[in-house]
Asks: 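Here it is, the structure, as structure tokens.
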Amino acid sequence: MTILTVALKYLRGRFVASALTSLSVALGVSLVIASVLLSRGIKQGFIEGTTDYSLLVGAKGTPTQLVLNVVFRMDVPTPNISYRIYRGLQDDPRIEVAVPVAMGDAYQGYRYVATTGEYFAAFPWRRKTFAISDGRFFRDDPAEQPSYEAVLGADVARRTGLRVGGRFHEGEEAAEYPLTVVGILRSTGSADDRAIFISLASYWEMNEVSRKMQVKPLTAVLVRSKRMSDLPSLHRGFNVTAEAQAVFPSAVLLSIFNILSLVSDVLAIMLVVVGLVVGLYLFVSMYSATLERKREIATMRALGARRTTILGIVLLESCALAVIGSALGIAGGHGLAYLGASVLAGRGGPVANRFAVDALELVVFIGAVALGALAGLLPAVLAYRTEVAENLAPLS
Amino acid sequence: MRGAPPARRPMIDVPPAVTLRGVKKAFPLGNGRALDVLDIEHWALPAGRCTVLTGPSGSGKTTLLNLIAGVSLPTAGTIAVHDTNVSALPEPQRDRFRARHVGYVFQTFNLLSAFTALENVMLSMMFAGAIPKAEHRRRATEILARLGLAARLSHKPQQLSRGEQQRIAIARALANHPSLILADEPCASLDAGTARGVLDALLSICRGDGTTLLVVSHEPAMLTAGDQIVDITAINRLEDPARSVERV
């Protein structure tokens, strides 16, 4: 036997109390792991889901709303802008690429995104690539001859069960204009996985208001300038007009990250409180166990156990509870993060769901064990100082 | 278990296992006051013999056992177990000395409830560190078998009768081949029949191994079987420690 086996025997001896204490550590560690993984996942989701275009032109409003709506398909849609703005950008010699985007209604919660084939085009500066897993891209049909073809994002196809050749529409009003699935995209790890892409002509014809409009509406235009140095003048040019605004998606992303970091700071304070509560619970558990065991500790001392041996046993017990709890907590935290990410992604939230084990788990594990040692220190000292003769007095 | 213990043995020319010289013990009561419990000018415990210590309740018998075991220290005087002045040893050495040379049997058994009978005995060996680890299980099994507990090795104290529990406590005290066993009213909480069995076991093994035994007991069977009976009031110079005057 070793002092570790003695400590483990004592833990088994009060199984329910030990299990509850370990569970409280596991819950605390789970919360820490899940919170950190999810906040990292959300941040990563924003980074991976952002656009490669340097400028976004849309209706007046908040830049954040425009980026969240057009790039991440979140928040309420912004008002429309005129198709003329897109034409103007196409003719602007400073512009390399301009891609029109119109955000439509939704099918089973998945937003229609009307655009042109350029949206999927590969450019040397594009990080994001689009590939078809089944079928083909839709045709860039002329305005008067809409094809009603749809390309589904990977998640849409998976969740709705639609396949190439399938026809669908949402509601009675759209029954007249059923869409046909012509292609399914490979997963991009962005909001595009949860979008249904159609041509602008199809969108304008499906929408009762735009059908009657002479100058067709758009939600935004994604812009890439030929030179970076042209961006400030383009940005300024739009922002002095009353009709539209131009925003830098990267700047909006930074402000989103600033908000996220504030949330992270609040979360960190809450997690510290959780850590303190768990530590306190561990301390109370070990303290009461030591008080209950004073006679047994005195007996061990009378049998020749050194004070340091007793100190070691109590500390090992406390650390063992923390080790068991944190191991369970790390596994539970990953499960919780996976669940949270799935729920978030299901609701259209940007979250990267790749929760690999890295230094975080090691840091949390070491931290939890250190907390266990700290919580067990006072009970261990109490056990260390147990007076033998005093505690061996015959029971009355 | 062995049969009935052999008859009382002669005490002539037996070297001492324990020698007390000028030993005093007082317990502080606060405010500079103290309660005097023991004042022994000289007392020698014969080696290899069974000495039964008697005396009224509160006369300092348990205190004397604790002093000899090194569990507590005398206020004055020296206590030598064989050639070692136990009272002069620093605490870690005293702990180690006690673990290796002294077996302690308590009135209330004091078995560790989370451990089996076998583990309770092995723990004693672990604390002493005198016997190689590989030997612990074999030796503990052997001692428990000698005490008739071969079928109870994996039982926890709460699953055993009081007599069995006390025999485990005796096995634990014998685990490290101690030269001295101190037993504080080992049968006080047992019925007469069980007490007789436990005493027989203790005496048989100690006499067989030549172990010195100091037993606090008022059991008639123990008084009959012991090699000598010592009334603590005969060696303690304090007239009535139980009612001793608190000194300032």
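Scope of the values below: all heavy atoms of this structure, side chains included, with no hydrogens, waters or symmetry mates. Numbers restart at 1 for each chain; the letters A, B, ... are given by sequence-line order, proteins then strands.
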Asks: As a quick check of understanding, evaluate side chain to side chain contact (heavy atoms under 4.5 Å, CB included) for B/L123 and A/V6, giving each step before the final call.
Replies: CA-CA 8 Å; B/L123 260 180; A/V6 174; 3.4 Å; yes

Asks: Please check: side-chain N/O of A/E296 versus main-chain N/O of B/S113, any donor-acceptor pairing under 3.5 Å?
Replies: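 Yes.
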
Asks: Flag the one option from B/N66, B/D95, B/N176 with the top tally of heavy-atom pairs under 4.5 Å to chain A.
Replies: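 Between B/N66, B/D95, B/N176, the count favours B/D95.
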
Asks: Is there a side chain to side chain contact (heavy atoms under 4.5 Å, CB included) between B/T108 and A/R295? Walk through the geometry before answering.
Replies: CA-CA 11 Å; B/T108 47; A/R295 192 176 180 83; 2.8 Å; yes

Asks: Heavy atoms, side chains only, cut-off 4.5 Å: are B/R172 and A/T299 in contact?
Replies: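 Counting from C-beta outward, B/R172 and A/T299 do come under 4.5 Å.
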
Asks: Is chain A contacted by the side chain of B/E91, its backbone, both, or neither, given a heavy-atom distance below 4.5 Å?
Replies: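 Looking at B/E91, just its side chain touches chain A.
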
Asks: For atom CZ of A/F257, decide whether the heavy atoms of other residues, nucleotides or ligands shown that lie under 6.0 angstrom number more than 12.
Replies: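 Yes, the 6.0 Å shell around CZ holds more than 12 heavy atoms from other groups.
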
Asks: Counting only heavy atoms from other residues, nucleotides and ligands, does the tally under 6.0 Å from NZ of B/K24 exceed 12?
Replies: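 Open: at most 12 neighbouring heavy atoms sit under 6.0 Å from NZ of B/K24.
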
Asks: Give the minimum heavy-atom separation between B/A114 and A/G13, together with the two atoms involved.
Replies: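 Scanning both residues completely, I find the closest heavy atoms to be CB-CA, 4.3 Å.
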
Asks: Taking A/R306 for the side chain and B/R96 for the main chain, is one N or O donor matched with an acceptor at less than 3.5 Å?
Replies: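 The answer is no, because no donor-acceptor pair under 3.5 Å joins these two groups.
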
Asks: What pair of heavy atoms forms the shortest contact from A/A302 to B/R98, and how long is it?
Replies: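 That would be O-NE, 3.0 Å.
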
Asks: Which one of A/R12, A/R14, A/R301 has the most heavy-atom pairs closer than 4.5 Å to chain B?
Replies: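 Option with the top pair count is A/R301.
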
Asks: For atom CZ of A/R385, is the number of surrounding heavy atoms from other residues, nucleotides or ligands below 6.0 Å larger than 12?
Replies: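 Count not over threshold, so no.
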
Asks: Evaluate whether atom NZ of A/K43 has more than 12 neighbouring non-hydrogen atoms of other residues, nucleotides or ligands under 6.0 angstrom away.
Replies: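 Incorrect, the count does not exceed 12.
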
Asks: Would one find more than 12 heavy atoms of other residues, nucleotides or ligands at under 6.0 Å from atom CZ of B/R137?
Replies: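 Open: at most 12 neighbouring heavy atoms sit under 6.0 Å from CZ of B/R137.
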
Asks: If I take atom OG from residue B/S72 and atom CD from residue A/E390, how far apart are they, to the nearest 0.5 angstrom?
Replies: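 Reported value, rounded in 0.5 Å steps: 11.0 Å.
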
Asks: Mind ranking A/T308, A/T2, A/T309 by heavy-atom pairs under 4.5 Å with chain B and telling me who comes out on top?
Replies: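 Max contact count across the listed options: A/T2.
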
Asks: Using side chain to side chain contact (heavy atoms under 4.5 Å, CB included), reason through B/H136 and A/M1 one step at a time and then give a plain yes or no.
Replies: CA-CA 8 Å; B/H136 287 187; A/M1 286 181 94; 5.9 Å; no

Asks: To the nearest 0.5 Å, what is the distance between CZ (A/R293) and CG (B/L112)?
Replies: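 Interatomic distance, A/R293 CZ to B/L112 CG, rounded to 0.5 Å: 9.5 Å.
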
Asks: Is the shortest heavy-atom distance from the side chain of B/M126 to the side chain of A/I3 under 4.5 Å?
Replies: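 In short, these two side chains touch, coming nearer than 4.5 Å.
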
